[in-house]
Amino acid sequence: MRRLLAAAGALLLAGCSSGPSLESRGEVTAPPGDSHHLVVGSAGFTESDLLAQMYAQLLDHAGYKTSVLTVANRELYEPALESGQIDVVPEYAATFADWLNAKANGTDAPPVGSPDLATTMTALRRLATPRGLTVLPPGRAVDQNAFAVSASYAREHHLRTLSDLGRSGLGVRLAAGDECVQRPYCEPGLKKTYGIDITAVDPKGVGTTPAKRAVQSGQDQMVLTTTTDATLSQFGLVILADDKHLQNADYVVPVVNRSRAGGPGATKALGKLNDVLTTADLASLNEQVDSWRRLAQDVARSYLKDKKLID
């Protein structure tokens, strides 16, 4: 039977129970374990909640007892994962690789996440393994930065890819976060990789409703969002393909505490999701929670039953 732990319980993780740091205890070399009671962590946003619920239900079906714990801060849940307070979390390959790299080598360390999945996974596992963490194989779903325009704008200018937009020579006002002007994946990357003429960055945030409305109305021509954004169609927006792979490989990956959930039972159960879950599936599931107001637990169960992964 699975229990949902209150988010307030996550605050306990900030205390002294997070375990010794890697720097003070040396490399973690515990063999793969198979605890019967497993805690699945969620970062507290819709997609993470959905993935955590699917992980928990797959583990339940495999005979484990699970709890889901919401910890909306990687600075808290990653140490808890190392110490065994949390046993499984859904993560994103490139983002987590860069986060662990900064933790190990300082915030000024060159990033190790890249658009190449194999390179990113190699770097991620090199950083995770000494911390007692096992990174399971990535699935087909990827949640990475994406750029969307209005469907009418795309039709008018024959745009399907970011390369098309660059070749068009159109001036583009971009709705995004204010950090976009400096981030290599955003304004500088769009200019360098695709030759897109970014005339201004409108600081309305990443994938926010005001940002999408600005593009819908024609005030801006493009918005920075994500590949699993569930609401684009509501605003008449479509994503332009990142055909030159500017964005990092943020594929969904389960990360487990090796000494508690690194054995074949848990890893096999979690791996079943890799064969079915796509980026489009994840966007659809997000929509059911965010727009249809369904519970993440119910959406996850319906999906797993539909894919015949649970009874």
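Only heavy atoms go into these numbers, but all of them, side chains included; no hydrogens, no water, no symmetry mates. Position 1 is the first residue of the sequence; numbering continues from there.
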Beyond-backbone contact of [X] with [Y], side-chain heavy atoms, under 4.5 angstrom:
{"X": "Gln85", "Y": "Asn257", "value": "no"}
{"X": "Thr279", "Y": "Thr228", "value": "yes"}
{"X": "Asn101", "Y": "Phe96", "value": "no"}
{"X": "Val172", "Y": "Tyr153", "value": "yes"}
{"X": "Met54", "Y": "Leu285", "value": "yes"}
{"X": "Leu136", "Y": "Val255", "value": "no"}
{"X": "Phe235", "Y": "Arg213", "value": "yes"}
{"X": "Val299", "Y": "Leu50", "value": "yes"}

Chi angles and distances behind the side chain to side chain contact (heavy atoms under 4.5 Å, CB included) call for Leu133, Glu82: CA-CA 7 Å; Leu133 307 180; Glu82 287 188 36; 4.2 Å; yes
Hey, could you give me the [atom1]/[atom2] distance between [X] and [Y], rounded to the nearest 0.5 Å?
{"X": "Ile239", "Y": "Met222", "atom1": "CD1", "atom2": "CE", "value": "12.0 Å"}
{"X": "Ile198", "Y": "Leu165", "atom1": "CD1", "atom2": "CG", "value": "7.0 Å"}
{"X": "Thr209", "Y": "Gln216", "atom1": "OG1", "atom2": "CD", "value": "10.0 Å"}
{"X": "Lys212", "Y": "Thr225", "atom1": "NZ", "atom2": "OG1", "value": "5.0 Å"}
{"X": "Thr278", "Y": "Arg140", "atom1": "OG1", "atom2": "CZ", "value": "6.0 Å"}
{"X": "Gln221", "Y": "Ser150", "atom1": "CD", "atom2": "OG", "value": "9.0 Å"}

May I have the step-by-step check of side chain to side chain donor-acceptor pair (under 3.5 Å) for Asn145 and Gln247, ending in yes or no? CA-CA 6 Å; Asn145 296 305; Gln247 304 303 322; 3.2 Å; yes
Going hydrophobic residue to hydrophobic residue with side-chain gaps under 4.5 angstrom, can you get from [X] over to [Y]?
{"X": "Val215", "Y": "Leu170", "answer": "no"}
{"X": "Val206", "Y": "Val142", "answer": "no"}
{"X": "Ile310", "Y": "Leu282", "answer": "yes"}
{"X": "Leu232", "Y": "Val289", "answer": "no"}
{"X": "Phe45", "Y": "Val88", "answer": "yes"}

Apply side chain to side chain contact (heavy atoms under 4.5 Å, CB included) to His158 and Asp164, showing your working. CA-CA 8 Å; His158 310 289; Asp164 292 339; over 6 Å; no
Donor-acceptor contact present, side-chain His36 to main-chain Gly63, <3.5 Å: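 Checked: pair present.
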Looking just at side-chain N and O atoms, do [X] and [Y] make a donor-acceptor pair shorter than 3.5 Å?
{"X": "Tyr64", "Y": "Asp34", "result": "yes"}
{"X": "Tyr92", "Y": "Glu47", "result": "yes"}
{"X": "Thr226", "Y": "Gln144", "result": "no"}
{"X": "Asn286", "Y": "Thr46", "result": "no"}

Asp116/Ser114 under side chain to side chain donor-acceptor pair (under 3.5 Å): CA gap, chis, key distance, verdict: CA-CA 5 Å; Asp116 183 79; Ser114 80; 5.1 Å; no
Under the side chain to side chain donor-acceptor pair (under 3.5 Å) rule, what do Ser302 and Arg294 come out as? Steps first, then yes or no, please. CA-CA 11 Å; Ser302 296; Arg294 296 186 62 196; 3.2 Å; yes
So, using side-chain hydrogen bond (donor to acceptor under 3.5 Å, both in side chains) as the criterion, who are the partners of Asp306 when residues are at least two apart?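 Scan of Asp306 (side-chain hydrogen bond (donor to acceptor under 3.5 Å, both in side chains), adjacent residues dropped) gives none.
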Can you give me the closest heavy-atom contact between [X] and [Y], atom names plus distance?
{"X": "Ala266", "Y": "Leu38", "answer": "CB-CD1, 4.3 Å"}
{"X": "Leu159", "Y": "Ser168", "answer": "CD2-CB, 4.4 Å"}
{"X": "Lys191", "Y": "Ile196", "answer": "CG-O, 3.4 Å"}
{"X": "Pro130", "Y": "Arg125", "answer": "CD-O, 4.4 Å"}
{"X": "Leu273", "Y": "Leu58", "answer": "CB-CD1, 4.0 Å"}
{"X": "Ala176", "Y": "Val201", "answer": "CB-CG1, 4.3 Å"}

Working note: Asp243 + Ser163, criterion side chain to side chain donor-acceptor pair (under 3.5 Å); need CA distance, chi angles, decisive distance, verdict. CA-CA 7 Å; Asp243 53 308; Ser163 288; 2.6 Å; yes
Please lay out, stage by stage, how Leu69 and Val40 fare under the test side chain to side chain contact (heavy atoms under 4.5 Å, CB included). CA-CA 6 Å; Leu69 177 63; Val40 181; over 6 Å; no
What's the verdict on side chain to side chain contact (heavy atoms under 4.5 Å, CB included) for Leu162 and Leu246, showing C-alpha distance, side-chain angles and the deciding distance? CA-CA 10 Å; Leu162 290 170; Leu246 171 63; 5.6 Å; no
Tell me the side chain to side chain donor-acceptor pair (under 3.5 Å) pairs involving residues 176-186, sequence neighbours left out?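 Qualifying pairs, neighbours excluded: none.
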Check this for me: Tyr194, atom OH, are more than 12 non-hydrogen atoms of other residues, nucleotides or ligands nearer than 6.0 Å?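 Atom OH in Tyr194 is packed in, count exceeds 12.
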